[in-house]
K.L.:
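First the structure, which I've put down as structure tokens, then a few questions once you've had a look.
Just so you know, these numbers use all the heavy atoms, side chains as well, and skip hydrogens, waters and symmetry mates.
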Amino acid sequence: MARLTGRCMCGHVRWRCVDGFLRNLVCHCSDCQRATSAPFTAFVGMHPKKVEWSGPINHYASSTHATRGFCPACGTRLYFKSDDWPDEIHVHAATLDDPSLYKPDAQVVLRSKAQWLDELGAIEAYQDFHERPGARAGSETGR
């Protein structure tokens with residue numbers, strides 16, 4: 001990865017990083033799950049001084065030693081920064097302009113991993129919502 005760019009959902013916040021990439025992790029910790037409302041978070045660890053930001057960013061102190069940045073307009077979670085890693089910022093991979101550039105190197109905090117993730121390959125899969133995924137004949141739960 002020589003150069004990465006990304007943005008929030010509404011485009012008010014943009015970021016750019018030319019080098020300084022440290023690692024690509026998928027985190028299953030309960031803090032990341034709650035912060036993103038997702039079973040895990042994928043991020044790119046970067047040197048904070050190598051990332052250029054444009055647009056307003058709000059911050060939430062998710063603990064005494066960690067801060068999470070998000071767009072004040074659309075709420076997109078942008079990054080996680082912790083005193084535990086002062087020379088690193090964890091930018092959410094979901095904000096990448098080209099998500100195909102992201103390839104995780106490792107998964108962390110597996111003790112909090114949602115158990116149903118292991119079963120995804122065995123359930124029905126659809127390209128979109130046209131067929132009401134999860135709907136069963138006579139069931140009202142597949143809306």
K.L.:
Is there a donor-acceptor pair under 3.5 Å between the side chain of Arg77 and the backbone N or O of Gly75?
P.N.:
yes

K.L.:
Please walk me through it: do Arg34 and Cys29 pass side-chain contact (heavy atoms from CB on, under 4.5 Å)?
P.N.:
CA-CA 9 Å; Arg34 290 201 185 276; Cys29 81; over 6 Å; no

K.L.:
For residues Val109 and Trp116: do they belong to one hydrophobic cluster (side chain heavy atoms under 4.5 Å, members Ile, Leu, Val, Met, Phe, Trp, Tyr)?
P.N.:
no

K.L.:
Looking only at heavy atoms, what is the nearest atom pair of Cys10 and Cys74, with distance?
P.N.:
N-SG, 3.6 Å

K.L.:
Give me the atom names and distance for the closest heavy-atom approach of Pro48 to Pro86.
P.N.:
CG-O, 4.2 Å

K.L.:
Residues two or more places apart in sequence or in another chain: which of them pass side-chain contact (heavy atoms from CB on, under 4.5 Å) with Gln107?
P.N.:
Val26, His28, Leu110, Lys113

K.L.:
Report the residues that fulfil side-chain contact (heavy atoms from CB on, under 4.5 Å) with Thr67, sequence neighbours left out, ordered by chain and then residue number.
P.N.:
His59

K.L.:
Do Val13 and Trp53 have side chains that get closer than 4.5 Å, going by heavy atoms?
P.N.:
yes

K.L.:
Taking the side chain as every heavy atom from C-beta outward, state whether Val51 and Arg16 have any pair of such atoms under 4.5 Å apart.
P.N.:
no

K.L.:
Under a 4.0 Å N-O cut-off, is there an ion pair linking Glu52 with Arg14?
P.N.:
no

K.L.:
Do Tyr102 and Val108 belong together in a cluster built from hydrophobic side chains that touch within less than 4.5 Å?
P.N.:
no

K.L.:
Distance from His92 atom NE2 to Thr76 atom OG1, nearest 0.5 Å?
P.N.:
10.0 Å

K.L.:
With heavy-atom distances below 4.5 Å as the criterion, would you say the side chains of Cys32 and Arg68 are in contact?
P.N.:
yes

K.L.:
Any side-chain donor-acceptor pair under 3.5 Å between Thr41 and Thr36?
P.N.:
yes

K.L.:
Let me confirm one number: the NE2-CG distance from His90 to Leu25, rounded to the nearest 0.5 Å.
P.N.:
7.0 Å

K.L.:
If I compare all heavy atoms of Thr95 with all of Val91, which pair ends up nearest, and what's the gap?
P.N.:
OG1-CG1, 3.9 Å

K.L.:
Mind checking the CZ-CG spacing from Phe43 to Asn24? Nearest 0.5 Å is all I need.
P.N.:
9.0 Å

K.L.:
Among Phe70, Trp15, Tyr79, find the residue that satisfies the side chain to side chain contact (heavy atoms under 4.5 Å, CB included) test when tested with Ile57.
P.N.:
Tyr79

K.L.:
Is the shortest heavy-atom distance from the side chain of Asp19 to the side chain of Lys50 under 4.5 Å?
P.N.:
yes

K.L.:
Between Leu101 and Arg3, which heavy-atom pair has the shortest distance, and what is it?
P.N.:
CD1-O, 4.4 Å

K.L.:
Atom OH in Tyr60, atom CZ in Phe80: separation rounded to 0.5 Å?
P.N.:
12.5 Å

K.L.:
According to salt bridge (charged side-chain N to carboxylate O under 4.0 Å, His left out), who are the partners of Lys81, at least two apart in sequence or on a separate chain?
P.N.:
none

K.L.:
What distance separates Asp31 CG from Ser62 OG, expressed to the nearest 0.5 Å?
P.N.:
6.0 Å

K.L.:
To the nearest 0.5 Å, what is the distance between OG (Ser82) and CD1 (Ile89)?
P.N.:
11.5 Å

